[in-house]
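Below is one structure, written out as structure tokens; the observations come after it.
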Amino acid sequence: MDTMTATEIFEAANQATDWKRLTTGLVATVNHGGYTYTITLPGSAPAEITWRTGFGGTEYVGAQGDWRLTIRLTDVAMGALRVL
């Protein structure tokens, strides 16, 4: 995956409000360019675009962000999961 597409997907994840807490970490899905991408925050590693789902099926992506991005996304995810 090229850097520009990964950046756009991570930015879309930064706007996501539907995060889920799974055993693998915090997970969100975002739509971009006709695909649905799964972003995972595993807790012990940087944020990762793990899967891409489209018309032809699902494939592993494995594009990692840096720690600064991971911290920002973790803050967004925790805000979305916070119970008021």
Side-chain angles (χ1 to χ4, degrees):
M1 170 174 289
D2 65 273
T3 305
M4 184 156 68
T5 302
T7 300
E8 291 170 356
I9 294 165
F10 281 126
E11 284 303 317
N14 198 35
Q15 304 299 318
T17 57
D18 186 28
W19 287 84
K20 294 171 184 60
R21 188 183 314 267
L22 303 176
T23 57
T24 57
L26 302 173
V27 177
T29 56
V30 297
N31 295 315
H32 179 75
Y35 293 99
T36 300
Y37 292 91
T38 302
I39 293 81
T40 303
L41 298 170
S44 60
E48 182 179 9
I49 302 169
T50 48
W51 302 98
R52 175 172 83 171
T53 304
F55 181 73
T58 302
E59 63 182 340
Y60 179 71
V61 177
Q64 286 191 332
D66 60 18
W67 282 106
R68 184 175 26 179
L69 170 74
T70 301
I71 291 168
R72 194 172 75 219
L73 285 175
T74 301
D75 187 46
V76 168
M78 296 307 293
L81 292 170
R82 190 168 294 125
V83 177
L84 299 176

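Residue indices begin at 1 and follow the sequence shown. Any value given below was found using the heavy atoms of this structure, including those in side chains, with hydrogens, waters and symmetry copies removed. Model, not experiment: these values are computed from the prediction.
- Rounded to the nearest 0.5 angstrom, Thr40 OG1 and Trp51 CH2 are separated by 9.5 Å.
- When all heavy atoms of Gly62 and Glu48 are compared, the pair lying nearest together is CA-OE2, 3.1 Å.
- In terms of the side-chain contact (heavy atoms from CB on, under 4.5 Å) criterion, residue partners of Glu8 (sequence neighbours excluded) are, by chain and number, Met4, His32.
- Taking Met1 as the reference, Thr5, Ala6, Ile9, Tyr37, Ile49, Val61, Ala63 meet the side-chain contact (heavy atoms from CB on, under 4.5 Å) condition, with sequence neighbours excluded.
- Looking only at side-chain heavy atoms (C-beta outward), Val30 and Gln15 stay at 4.5 Å or farther from each other.
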Side-chain donor-acceptor distances from residues 65-76 under 3.5 Å, at least two apart:
residue	atom	partner	partner atom	Å
Asp66	OD1	Arg68	N	3.4
Asp66	OD1	Leu69	N	2.8
Thr70	OG1	Ala47	N	2.7
Thr70	OG1	Asp66	O	2.9
Arg72	NH2	Glu11	OE2	2.8
Thr74	OG1	Thr70	O	2.7

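- Listed by chain and number, the residues in a side-chain contact (heavy atoms from CB on, under 4.5 Å) with Ala28 are Ala16, Trp19 (sequence neighbours excluded).
- Residues satisfying the ring-ring contact (aromatic ring centres under 6.0 Å, His included) criterion with Phe55, sequence neighbours excluded, are absent altogether.
- Between the CG atom in Leu26 and the NZ atom in Lys20 there is a gap of 11.5 Å [rounded to 0.5 Å].
- Here the closest non-hydrogen pair linking Arg52 and Tyr35 is CG-CD2, 3.4 Å.
- Smallest separation of non-hydrogen atoms from Tyr60 and Thr50: CD1-O, 3.1 Å.
- Taking the side chain to side chain donor-acceptor pair (under 3.5 Å) definition, one finds that Thr38 meets it with nothing, sequence neighbours left out.
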